[in-house]
Amino acid sequence: MRNEIFALVDCNNFYASCERVFQPSLRTTPIGVLSNNDGCIVAMSKEMKKLGISRGKPAFKIFHLLQKYNIKLFSSNYALYGDMSARVMKTLSQFTPEMEVYSIDEAFLRLTEFQHLDLNEYGKEIRDTVFKWTGIPVSVGIGRTKTLAKIAARIAKKYSKFNGVFNTIDHPKMDKILETIPVEKVWGIGRQYAKKLKKYGILNAYKLSQVPEYWVKRQLTVVGLRTVRELQGDSCIDFEMDIIPRKEVVASRSFGIPITELSDLQEAVASHCTRAVEKLREQNLVASYVTVYLTTNRFKNEPQYANYSSSTLIVPSAYTPDFLKEVKIALKRIYRPNYNYKKVGVMISKIMHQNNAPLYFFYPNYLDDKRKDIMDNVDAINKNWGTNTIRYAASGTKQKWQMQREFLSPSYTTNWDELPVVR
DNA sequence: TCTGGGGTCCTAGGACCC
DNA sequence: TCTGGGGTCCTAGGACCC
């Protein structure tokens, strides 16, 4: 067993905290951030959590509370959150050469080479520095495995007496600590697994750590087995410093209103497709497989239909028109009239790095002909002048399918016209 | 629940081959 | 047809994550 040391740095209520950074007057106001389409609550400040509102609640259900509790709602603003995330990660990277950016608001730091430090002090320094440089409050959890670091961060966040930092390494009461963690809060144990485990009386992390391996493997596959070993202090979930190439890229949106006409769906699909291929290019990837899917609203009591269709490109590409051509045909194959559609999506897979794409004698390679130059220019313009400055006619101009974002905050950090003004 | 979007991994089972 | 064994590859579905 290796004696690893991991820290998990987790931003507190990340989206809500981002909004607050730019509106300091909301320091004590309950803040909620909504999902796309302003559909439901995806993030809350602690003041709002205290009101007993739960994540995932449909937004309209709390409209009557807004005035009473002076709640401030925001439509999600991923341009802002992405930019703030980059600032946090850049700050964190100063504390170790070995960092894994795990999600938009979390990073693992490998601190195995820092055994000699007072880890609690180091954690506090990390926390204070991130707050000073970005305005985002974070929790720091330290443990021998990633799973234990996760649990530590949860404790750091939950109990204010720890000042946002908790270290489980060599903790004398480790068993007691694990007993306080409900099994469904363990990283890797979701709703279904928790249900199964509870049936057998395995209610908390300590119990889970004591379960025989063959039983776990049979019930929860090798994934569950890894989790159990991690709880025992045996690090077996890989630490991924390198950015691993995506295996698939998805772009999809629910519609603001039900959509029936093929022409509207074609616009939406073209728009999603354009975004998906953009994401490919951001990482210098090419791909050769694209899937279009559509679905009606399964929560409505009306005729239901869902289907998908895929196409293979002759040559792996990141040239948007190559994909637009395919998704148009694919959508036509699966479209049926007279349904109220809720959502369409485009998924791109069979992805590889552009330098690894096979060369074909009869077909031009994406890198070789003018297509890459064209795409680079389009991307540069859209980056400088704003998303969709240049876009494809196929995406349409009516865009009646566009989502609703009633409570959108300004793009403080990514749009020159919306910079905060100091008077 | 009247519900967001974007990902990953694992397994079972079918297709196909010898 | 009262039907062998074994391997690989692919896909759908189910679980998980943020």
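The structure presented is a predicted model; accordingly, all values stated were derived computationally and were not measured. Protein chains get the first letters and strands the later ones, always in sequence-line order, with residue 1 at the start of each.
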**Prompt:** Which whole-number value in Å describes the distance from A:Y293 OH to B:dG6 P?
**Reply:** 7 Å
**Prompt:** Please give, in whole Å, the distance from B:dG6 C1' to A:E282 CD?
**Reply:** 14 Å
**Asked** How would you list, by chain and number, every residue that makes a side-chain contact (heavy atoms from CB on, under 4.5 Å) with A:F162, sequence neighbours excluded?
**Response** A:I155, A:Y159, A:F166
So which of [range] are in contact with DNA chain B, with a heavy-atom cut-off of under 4.0 Å?
range                       : answer
residues 47-57 of chain A   : A:R55, A:G56
residues 310-320 of chain A : none
residues 325-334 of chain A : none

**Message:** Would A:K72 pass as a cation-pi partner of A:F74, given that its NZ or CZ must be under 6.0 Å from the six-membered ring centre and within 45 degrees of the axis?
**Reply:** yes
**Prompt:** Starting at the 5' end of DNA chain C, what dot-bracket string do you get if Watson-Crick and G-U pairs under 3.5 Å are bracketed, crossing pairs use [ ], other-strand pairs use | and unpaired bases use dots?
**Reply:** ....||||||||||||||
At under 4.0 Å between heavy atoms, what does [X] touch on the DNA or RNA strands: base, sugar-phosphate, or nothing?
X      : value
A:I189 : sugar-phosphate
A:E248 : base
A:K279 : sugar-phosphate
A:K300 : nothing

Can you find a side chain N or O atom of [X] that sits less than 4.0 Å from OP1 or OP2 on [N]?
X      : N     : answer
A:K343 : B:dG5 : yes
A:R298 : B:dT3 : no
A:S252 : B:dG6 : yes

**Prompt:** Parallel, tilted or perpendicular: which fits the ring planes of A:F108 and A:W187, with parallel below 30° and perpendicular above 60°?
**Reply:** tilted
**Message:** Could you tell me if the side chain of A:N12 sits less than 4.5 Å from the side chain of A:S139, heavy atoms only?
**Reply:** yes
**Request:** Identify whether the distance between the nearest side-chain nitrogen and carboxylate oxygen of A:K198 and A:E184 falls below 4.0 Å.
**Result:** yes
**Request:** May I ask you to decide whether A:E230 forms a salt bridge with A:K150, counting only side-chain N to carboxylate O separations under 4.0 Å?
**Result:** no
**Message:** Each nucleotide in nucleotides 7-14 of chain C should get exactly one letter: B, S or -. Can you fill that in based on protein heavy atoms under 4.0 Å?
**Reply:** -----S--
**Asked** For DNA chain B, whose closest nucleotide is more 5', that of A:T221 or that of A:C40?
**Response** A:C40
